[in-house]
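Okay, so here's the structure we're looking at.
Side-chain atoms are counted along with the backbone in the values below, which use heavy atoms only and exclude waters and symmetry mates.
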Amino acid sequence: MPAFAAALRSSYFTEQRRRERLPLERPLERGQFVLGAHMAPEVDEPMGPDYRHVLVTAEPVDQDFTDRLVEAFLHRRSDAADAGEMESR
(Lines give C-alpha, C1' and ligand atoms only; values in the text may rest on other atoms or scores of the structure.)
Protein backbone atom coordinates (compact mmCIF):
# COMPACT_ATOMS: atom_id res chain seq x y z
CA MET A 1 0.00 0.00 0.00
CA PRO A 2 2.81 2.54 0.67
CA ALA A 3 4.06 2.03 -2.89
CA PHE A 4 0.60 2.76 -4.27
CA ALA A 5 0.31 5.92 -2.18
CA ALA A 6 3.73 7.11 -3.36
CA ALA A 7 2.84 6.42 -6.98
CA LEU A 8 -0.47 8.26 -6.64
CA ARG A 9 1.24 11.27 -5.08
CA SER A 10 3.91 11.45 -7.77
CA SER A 11 1.64 10.76 -10.73
CA TYR A 12 -1.47 12.70 -9.76
CA PHE A 13 -1.34 14.87 -6.67
CA THR A 14 1.89 16.70 -7.53
CA GLU A 15 0.41 17.89 -10.83
CA GLN A 16 -2.96 18.60 -9.20
CA ARG A 17 -1.31 20.81 -6.59
CA ARG A 18 0.48 22.73 -9.33
CA ARG A 19 -2.88 23.38 -11.04
CA GLU A 20 -4.42 24.45 -7.73
CA ARG A 21 -1.66 27.03 -7.22
CA LEU A 22 -2.14 28.72 -10.60
CA PRO A 23 -5.12 30.90 -9.61
CA LEU A 24 -3.18 32.13 -6.56
CA GLU A 25 0.06 33.05 -8.29
CA ARG A 26 -1.05 36.23 -10.09
CA PRO A 27 -2.76 37.83 -7.04
CA LEU A 28 0.31 36.94 -4.99
CA GLU A 29 2.60 38.62 -7.53
CA ARG A 30 0.40 41.74 -7.41
CA GLY A 31 0.49 41.79 -3.62
CA GLN A 32 -3.28 41.39 -3.36
CA PHE A 33 -2.83 38.94 -0.53
CA VAL A 34 0.01 37.34 1.36
CA LEU A 35 0.56 33.68 2.06
CA GLY A 36 2.69 32.24 4.79
CA ALA A 37 6.21 30.99 4.23
CA HIS A 38 4.97 27.63 3.01
CA MET A 39 2.54 27.84 0.10
CA ALA A 40 1.45 24.18 0.09
CA PRO A 41 -0.56 24.31 3.34
CA GLU A 42 -2.11 27.58 2.25
CA VAL A 43 -3.22 26.01 -1.03
CA ASP A 44 -4.52 22.94 0.79
CA GLU A 45 -6.75 25.08 3.01
CA PRO A 46 -9.41 25.96 0.41
CA MET A 47 -8.99 22.68 -1.50
CA GLY A 48 -9.47 20.32 1.46
CA PRO A 49 -13.27 20.69 1.60
CA ASP A 50 -13.48 19.93 -2.14
CA TYR A 51 -11.65 16.65 -1.69
CA ARG A 52 -13.70 15.80 1.38
CA HIS A 53 -16.94 16.35 -0.54
CA VAL A 54 -15.81 14.22 -3.46
CA LEU A 55 -14.05 11.40 -1.61
CA VAL A 56 -15.82 11.13 1.75
CA THR A 57 -19.37 12.42 1.51
CA ALA A 58 -19.97 12.18 -2.26
CA GLU A 59 -21.72 15.56 -2.04
CA PRO A 60 -21.60 17.76 -5.13
CA VAL A 61 -18.97 20.43 -5.54
CA ASP A 62 -20.92 23.10 -7.36
CA GLN A 63 -20.15 26.72 -8.20
CA ASP A 64 -21.85 28.06 -5.06
CA PHE A 65 -19.82 25.74 -2.85
CA THR A 66 -16.49 26.71 -4.43
CA ASP A 67 -17.42 30.41 -4.43
CA ARG A 68 -18.03 30.24 -0.67
CA LEU A 69 -14.69 28.49 -0.13
CA VAL A 70 -12.81 31.08 -2.16
CA GLU A 71 -14.56 34.01 -0.45
CA ALA A 72 -13.77 32.59 2.99
CA PHE A 73 -10.14 31.96 2.00
CA LEU A 74 -9.67 35.48 0.63
CA HIS A 75 -11.39 36.97 3.68
CA ARG A 76 -9.00 35.11 6.01
CA ARG A 77 -6.01 36.19 3.88
CA SER A 78 -7.21 39.79 3.96
CA ASP A 79 -7.67 39.66 7.72
CA ALA A 80 -4.18 38.16 8.10
CA ALA A 81 -2.66 40.90 5.92
CA ASP A 82 -4.51 43.58 7.90
CA ALA A 83 -3.27 42.07 11.17
CA GLY A 84 0.27 42.10 9.80
CA GLU A 85 -0.03 45.78 8.89
CA MET A 86 -1.35 46.58 12.37
CA GLU A 87 1.58 44.73 13.98
CA SER A 88 4.14 46.57 11.86
CA ARG A 89 2.85 50.00 12.94
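- Listed by chain and number, the residues in a ring pair (Phe, Tyr, Trp, His ring centres under 6.0 Å) with Phe65 are His53 (sequence neighbours excluded).
- Across all their heavy atoms, Ser10 and Ala7 have their closest contact at OG-O, 3.2 Å.
- Taken to the nearest 0.5 Å, the CG atom of Asp50 stands 12.0 Å off from the CZ atom of Arg52.
- A search for salt bridge (Lys or Arg N to Asp or Glu O under 4.0 Å) contacts involving Glu29 returns nothing, not counting sequence neighbours.
- For the salt bridge (Lys or Arg N to Asp or Glu O under 4.0 Å) test, residues two or more places apart in sequence or in another chain that qualify with Arg68 are Asp64.
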